[in-house]
**Student:** 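Before anything else, here's the structure in question.
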Amino acid sequence: MKMVFAYVLGTLILLPIIAFFIAYLIFRKFLKKKANYSFRLAADVTTFFLFFSVAISISTLWGTAISIVVITISFLIAIIMTFIDWRTRKEIEVIPLLRRIWRVQFVYLFLVYNIVWIVGIVQNILLFVT
């Protein structure tokens, strides 16, 4: 049973798009809310897997431990968004701010994940051809 759990978790970390689709289908089925709400919740779940996936993908492709850089950029995004929120509003509402930060993290990590995979695929094709 432990091995099955490890394989499922490893697959979700390696391919977070699967986690997104599974979460989307579950939220869509059981919450009976609009598709937009299910999409946002699925993105929130997937962000957790993307944190690990980006670091592991970069480490596997180029052999460098980059997780501290991913975490640092995430903190910088959170600091910048908090500063902007503080400057534009009279009072900071913590929960909506955290939601916005988490969703921006999703976009940032999703883009980095796709770029890393595209570069890795192109790099391996070029290595194979030459």
Side-chain angles (χ1 to χ4, degrees):
M1 188 65 183
K2 285 183 182 180
M3 292 303 291
V4 171
F5 181 72
Y7 286 131
V8 169
L9 188 61
T11 302
L12 293 178
I13 288 175
L14 180 63
L15 299 169
I17 193 76
I18 293 173
F20 178 82
F21 285 127
I22 291 171
Y24 178 77
L25 292 174
I26 289 172
F27 290 135
R28 181 81 176 166
K29 173 95 174 151
F30 291 113
L31 294 181
K32 300 195 188 316
K33 299 253 183 177
K34 294 182 180 178
N36 199 10
Y37 185 72
S38 298
F39 184 87
R40 287 184 296 214
L41 288 176
D44 291 342
V45 170
T46 307
T47 304
F48 174 75
F49 291 107
L50 280 169
F51 271 108
F52 297 107
S53 182
V54 167
I56 291 171
S57 296
I58 291 173
S59 176
T60 302
L61 284 174
W62 296 295
T64 58
I66 194 107
S67 35
I68 192 72
V69 174
V70 172
I71 293 169
T72 304
I73 292 172
S74 296
F75 275 127
L76 286 174
I77 290 172
I79 290 168
I80 291 168
M81 289 185 68
T82 305
F83 181 75
I84 291 171
D85 198 50
W86 171 68
R87 297 295 283 178
T88 58
R89 299 176 189 219
K90 292 180 182 177
E91 189 172 319
I92 295 177
E93 296 177 25
V94 176
I95 300 298
L97 175 64
L98 289 176
R99 270 194 210 117
R100 283 193 305 274
I101 290 169
W102 193 249
R103 293 195 177 133
V104 168
Q105 296 294 336
F106 171 76
V107 172
Y108 150 68
L109 291 168
F110 183 74
L111 289 174
V112 170
Y113 176 79
N114 285 320
I115 290 169
V116 166
W117 272 80
I118 290 169
V119 169
I121 289 171
V122 168
Q123 180 182 0
N124 284 329
I125 288 172
L126 292 175
L127 210 85
F128 181 74
V129 170
T130 58

**Student:** Might you confirm whether atom OH of Tyr108 has over 12 heavy atoms from other residues, nucleotides or ligands at distances under 6.0 Å?
**Tutor:** yes
**Student:** If we count only N and O atoms by modelled type, under 3.5 Å, do the side chains of Ser74 and Gln105 hold a donor and an acceptor together?
**Tutor:** yes
**Student:** Indicate if Ile17 and Val119 have the same hydrophobic cluster label, given that clusters are the connected sets of ILVMFWY residues with side-chain heavy-atom separations under 4.5 angstrom.
**Tutor:**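 Yes; tracing contacts between hydrophobic side chains, which count when under 4.5 Å, links both residues.
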**Student:** About how many Å separate OG1 of Thr11 and CZ of Phe49, when rounded to the nearest 0.5 Å?
**Tutor:** 10.5 Å
**Student:** If you look at every heavy atom in Val70 and Leu109, which pair is closest and at what distance?
**Tutor:**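 Smallest heavy-atom distance, with atoms named: CG1-CD2, 3.9 Å.
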**Student:** To the closest 0.5 Å, what do you measure between CZ (Phe30) and CZ (Phe27)?
**Tutor:**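 Spacing of CZ (Phe30) from CZ (Phe27) equals 11.0 Å.
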**Student:** What I'd like to find out is whether the side chain of Phe52 reaches to under 4.5 Å of the side chain of Leu9, using heavy atoms alone.
**Tutor:**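 No - every pair of side-chain heavy atoms lies 4.5 Å or more apart.
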**Student:** Are Ile80 and Val94 grouped together when hydrophobic residues (ILVMFWY) are joined by side-chain heavy atoms under 4.5 angstrom apart?
**Tutor:**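 In one cluster with Ile80: Val94, no.
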**Student:** Let me check something: do Ile71 and Ile101 share a hydrophobic cluster, defined by ILVMFWY side-chain heavy atoms less than 4.5 Å apart, either directly or through other members?
**Tutor:** no
**Student:** Closer than 3.5 angstrom, by distance alone: can the side chain of Thr46 be matched with the main-chain N or O of Ala42 as a donor-acceptor pair?
**Tutor:** yes
**Student:** In Å and rounded to the nearest 0.5 Å, what is the CD1 to CD1 distance from Ile73 to Ile68?
**Tutor:** 11.0 Å
**Student:** Could you tell me which non-hydrogen atom of Ser53 sits nearest to which non-hydrogen atom of Leu14, and how far apart they are?
**Tutor:** OG-O, 3.8 Å
**Student:** Tell me if a side-chain donor or acceptor on Trp102 pairs with a main-chain N or O of Thr47 at a distance below 3.5 Å.
**Tutor:** no
**Student:** Hey, could you give me the OH/CG distance between Tyr37 and Leu41, rounded to the nearest 0.5 Å?
**Tutor:**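 Answer rounded to 0.5 Å: 4.5 Å.
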**Student:** If you round to the nearest 0.5 Å, how far is OG1 of Thr88 from CZ of Phe83?
**Tutor:**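 With rounding to 0.5 Å, CZ (Phe83) is 10.0 Å from OG1 (Thr88).
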**Student:** Would Glu93 and Leu97 count as a side-chain contact (heavy atoms from CB on, under 4.5 Å) if you check the C-alpha gap in whole Å, the side-chain angles of each, and the deciding distance to 0.1 Å?
**Tutor:** CA-CA 6 Å; Glu93 296 177 25; Leu97 175 64; over 6 Å; no
**Student:** Can you tell which of Asn114, Val116, Ile115 makes a side-chain contact (heavy atoms from CB on, under 4.5 Å) with Val112?
**Tutor:**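 Among Asn114, Val116, Ile115, the one that satisfies the side-chain contact (heavy atoms from CB on, under 4.5 Å) with Val112 is Val116.
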**Student:** Indicate the ring-plane relationship of Phe106 and Phe110, choosing parallel, tilted or perpendicular according to the 30° and 60° boundaries.
**Tutor:** parallel
**Student:** For the CD1 atom of Ile92 and the OG1 atom of Thr82, what is their distance to the nearest 0.5 Å?
**Tutor:**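 Answer for the CD1-OG1 pair, Ile92 versus Thr82, is 6.5 Å.
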**Student:** Identify whether Met81 and Ile84 are in the same connected component of the hydrophobic contact network (ILVMFWY, side-chain heavy atoms under 4.5 Å).
**Tutor:** no
**Student:** Please find out if less than 6.0 Å separates the ring center of Phe20 from that of Phe39.
**Tutor:**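 Phe20 vs Phe39: aromatic centres under 6.0 Å.
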**Student:** If every non-hydrogen atom of Leu50 is compared with every non-hydrogen atom of Pro16, which pair is closest and at what distance?
**Tutor:**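 For Leu50 and Pro16, the tightest heavy-atom pair comes out as CD2-CG, 3.5 Å.
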**Student:** Would you mind telling me which of Ile118, Ile58, Leu15 makes a side-chain contact (heavy atoms from CB on, under 4.5 Å) with Tyr113?
**Tutor:** Leu15
**Student:** Any chain of hydrophobic side-chain contacts (each under 4.5 Å) joining Val122 to Leu61?
**Tutor:**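 No, it is not one cluster - the side chains of Val122 and Leu61 are not joined through contacts under 4.5 Å.
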**Student:** My understanding is that a hydrophobic cluster links ILVMFWY residues whose side chain heavy atoms are under 4.5 Å apart, including indirect links. Using that, what else belongs to the cluster containing Leu76?
**Tutor:**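 Grouped by the 4.5 Å side-chain rule, Leu76 forms a cluster of one, so the answer is none.
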